[in-house]
Structures are given as C-alpha cells and as structure tokens.
Protein chains: 2
Amino acid sequence: MPAPRQAQIAEAPERSTLPAGRNLLFLREEELRLAQDLLFFGYRDFTAGADEILAGMSMGRAHHRVLHFVGRRPGITVGDLLGILAITKQSLGRVLQPLMEDGYVVQTPGRADRRQRLLALTDKGAALERRLFERQRETVMQAYREAGPAAVEGFRRVMRGLMGEQARAAFDMLEGPPAP
Amino acid sequence: MPAPRQAQIAEAPERSTLPAGRNLLFLREEELRLAQDLLFFGYRDFTAGADEILAGMSMGRAHHRVLHFVGRRPGITVGDLLGILAITKQSLGRVLQPLMEDGYVVQTPGRADRRQRLLALTDKGAALERRLFERQRETVMQAYREAGPAAVEGFRRVMRGLMGEQARAAFDMLEGPPAP
DNA sequence: CCGTTTGGGTCAGTATCATTGACCGATCCG
DNA sequence: CGGATCGGTCAATGATACTGACCCAAACGG
C-alpha cells in the first residue's frame, strides 16, 4: 500500500441535482470557471500565431508588444511606454535595445524636453509589425465573423471591464485622441 | 548631428480624413488594433489578482493553471493535463512535483490502466484554488455586471472563436460531460 | 510470451521575460 | 544653483518554457 502520506482528497464539485437555493450561486460559479477557461485558451491561441513568427527571429512576445505600441503611438516616450506595458525599465531595455540595434525602432530626442527619447518604428520595424498584425488579423477576424457584430460589441465591453484603473486609463489614451 | 545610421522612420498611420474607398478597410484595421489592446490589457488584469497571491507563496501562473484544471477534472491523467496546457512533460513536472510535495495535489494509480497517474486536489489544494478563484471572481463578476448579460454572451462567442482546433476540443471536453 | 507501444518521469542545457536595488548622466525647473 | 525627472545601466535572481535523450513499468498484440 503506497500511502506513507495520507493526504485528504478534496471532493469533486457537484455537477447536477443541486439543492434549489444554491442553484443561482452554482451557476455563477460555473459561469466563472467558464470565463477562466475561455480566457486561457482564447488568449493563448490569439498570441500563438505571432509567437511562431517571432520565434524564428529570436524575438518574443515582449518585442511584439513594443512594436505594437510604438506603432500605435509614434513619438511615444520611454516613460509612457513603460506605463502602458507596466514592466520595469530594465525589462524594457533588454527588449528595446536589440530592436534599436537591429534597426526596427529609432529614438529621437524630444524637442520640447530634450531628456525624452521619442520612439518610432523604422520602415523595417513597421513591416515586421505588419506581418505580425496580419497573422493575428486572420485569427481575430474569423472569430468576429463567426460571432457576429453584436457579440463583438459584447466582447469589447467585457474585456474593457476586466481592466483595472491604470490599464483603463492607458487604454483610453491609446484609443482616444491622436496626440495630446 | 548624431546620425551615423540614418534609419527610415515609418509614417504614422492616418487617423482621419481618409480617401472614401479605403474607409472600410481602415475601420477593420482599427477594429483589429482595438482587439489587440483589449486582449493585452484585459488578460493582464484578469490574471493580476491571482498572480499577486501566488507570488507570496513562491508560485506562479503555471501552478495556478494546474490547480485550476485538476480541480475542474478530478482524476484527470497527466497526459490529458498535458494536452490541455499544451506544454511539455518537463515543464509540467517542474510545477506538478512541488505541488505534490507540498500536499496540494495527489496522484493515485489508475484502476483500469495502472500506468496512469490520476491527479486530484487535496483539501489544501482545493482551498488554495478557491482563494485564487475568489480573487478572479471579483474581477470577472464586476466586468460581467458592468457589461450586461448580452455582452457576456458575445464575449463568450468571440473568445471561443479565437481558439484553434485543438484548444476548442479541449475546451469542449472541459465544459461538456462530467466524465467519459 | 515476447517485443513494441504507451504513460509517466527525469537529466542536462538553453532561452525569454520578468524582478529588485543601486547608481549614473543629462536635462529641466524653481 | 540644487533638487527632481527622464532615461540608461550594472549585477543578481526567479519563473516559465523549450529540446533531446533516456529510463521504468505496464499494457497490448501477434
């Protein structure tokens, strides 16, 4: 008998024939578990296509994120980019440095504040970003088509609701005015 | 003039006053960029709460995923779990091993096939999983409430659409019948 | 019954993404 | 001028993942 350590095994959650009163709570719990699963599988496959391309260039998701957000906001400062990504300076540096050395991104000193380094994609950087973009476009567009326009609107509302304060502010800044 | 290397700077994408014919294409492009942003920010904050708890226990997201899926399918085999997570045996081992040593997960030999190791949460494991679950529940439930039931349905449809073949099969198995 | 396949575990080495804490130079601003 | 800010950099660490090779034990099939 292989049991020198008799651990308590948790009971499996019930899946049917519930006491009437708990029904609503149970549904909410299942709803949540469903959401966890959806987000795990969905996000993974959303990024999978771009990850594949990146792997072949000894880059990773972090590089893609920089390309994406710099492309979205040309002239963004390093500080603002850090705020969007919510990573440390060092983590960004390790990704941004090679991107600049390899000619995907350039920085130019700010005119108003010369301490700032304004980031922008080169043509080469924009081309790579576009390649990654097109790959994800296929995935997302198919999901949008299958789901329909109303579903897309719902998807947006829920995803936005998942964000915290800080992310929502960054998000609104990105989607909002071209530049302050 | 600090320009020994004159890189081409890509033009910023236009944001208004488009040639009429390209309008639709432009909207689709913006739609996609919006989706990318939503998924990045949304997923990050969805996992942030649980990540915080895990960090305090020298665990990471990978541990959470194991607890989640084992909790969802008690008695799951190692092979099936590998299929769901889509990682290598070695990667799973490095996470599963400590979880078993620390008494969060137990394995029992399969009755039909004694090569199999059937995984289950201990009470301790179920308690931790619940703690993580409750944390994410707050985030998701608030997003659901804000967005409304119709939006939730749309969210589900789109997330499911993002999945590839393999993920969709795993997903359907999870949400489907209690056990084969 | 014996050989092959399958389920699971393990070793060694490598890569990416992230962290902390400290420190520096250049620039801005009161 | 002096402090605050923007950006870069050092060193060390940890989590997650990968490949390829190899092993044991149990199941399966001719």
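To find a chain, count down the sequence lines: A is the first, B the second, and so on, and within it residues start at 1.
- Taking the 5' to 3' direction, DNA chain D first and last meets chain B under 4.0 angstrom from a heavy atom at D:dA15 to D:dA27.
- A tilted orientation is assigned to the rings of A:Phe69 and B:Phe41, their planes being inclined by 30° to 60°.
- A donor-acceptor pair under 3.5 Å is formed between the side chain of B:Arg168 and the backbone N or O of B:Met163.
- Contact check for A:Gln136 versus B:Leu32: no side-chain heavy atoms found under the 4.5 Å cut-off.
- Looking at B:Leu96 and B:Leu119, their side chains come closer than 4.5 Å, going by heavy atoms from C-beta outward.
- Atom-to-atom, NE2 of A:His64 to P of C:dT16 comes out at 17 Å; the value is rounded to the nearest Å.
- The shortest distance between side-chain heavy atoms of A:Glu29 and A:Arg33 falls below 4.5 Å.
- The closest side-chain heavy-atom distance from A:Glu129 to A:Glu134 is not below 4.5 Å.
- Atom P of nucleotide C:dG9 and atom CG of B:Leu92 are separated by 8 Å, given to the nearest angstrom.
- Using cut-offs of 30° and 60° on the angle between ring planes, the pair B:His64 and B:His68 is perpendicular.
- No side-chain heavy atom of A:Arg28 sits under 4.5 Å from any side-chain heavy atom of B:Tyr144.
- Atom-to-atom, CZ of A:Arg94 to P of C:dA15 comes out at 13 Å; the value is rounded to the nearest Å.
- For the segment residues 76-87 of chain A, residues with any heavy atom less than 4.0 angstrom from an atom of DNA chain C are, sorted by number, A:Ala86, A:Ile87.
- A 4.5 Å side-chain heavy-atom check between B:Glu146 and B:Gln142 finds at least one atom pair inside the cut-off.
- For the pair B:Leu96 and A:Ser91, nearest-nucleotide mapping onto DNA chain C gives the more 5' position to B:Leu96.
- A:Leu39 has its side chain within reach of B:Phe155: a pair of non-hydrogen atoms, C-beta onward, lies under 4.5 Å apart.
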If you restrict it to nitrogen or oxygen atoms, what contacts under 3.5 Å exist between nucleotides 24-28 of chain C and the protein, and what is each distance?
{"unit_1": "C:dT27", "atom_1": "O2", "unit_2": "A:Arg115", "atom_2": "NH1", "d": "3.4"}
{"unit_1": "C:dC28", "atom_1": "OP1", "unit_2": "A:Arg114", "atom_2": "N", "d": "2.8"}

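- Nearest-nucleotide assignment on DNA chain C puts the 5′-proximal partner with A:Arg61, out of A:Gln90 and A:Arg61.
- Under 4.0 angstrom from either OP1 or OP2 of C:dC17 there lies at least one side-chain N or O belonging to A:His63.
- For A:Met57 and C:dT16, the CE to P distance is 13 Å, given to the nearest whole Å.
- An OP1 or OP2 oxygen of C:dT10 is reached within less than 4.0 angstrom by a side-chain nitrogen or oxygen of B:Gln97.
- Counting to the nearest Å, the C1' atom of C:dA18 and the CZ atom of B:Arg44 are 13 Å from each other.
- In the model, B:Arg61 has a side-chain atom that pairs as donor or acceptor with a side-chain atom of B:Thr47 under 3.5 Å.
- No contact: A:Gly93 has no heavy atom under 4.0 Å from any strand.
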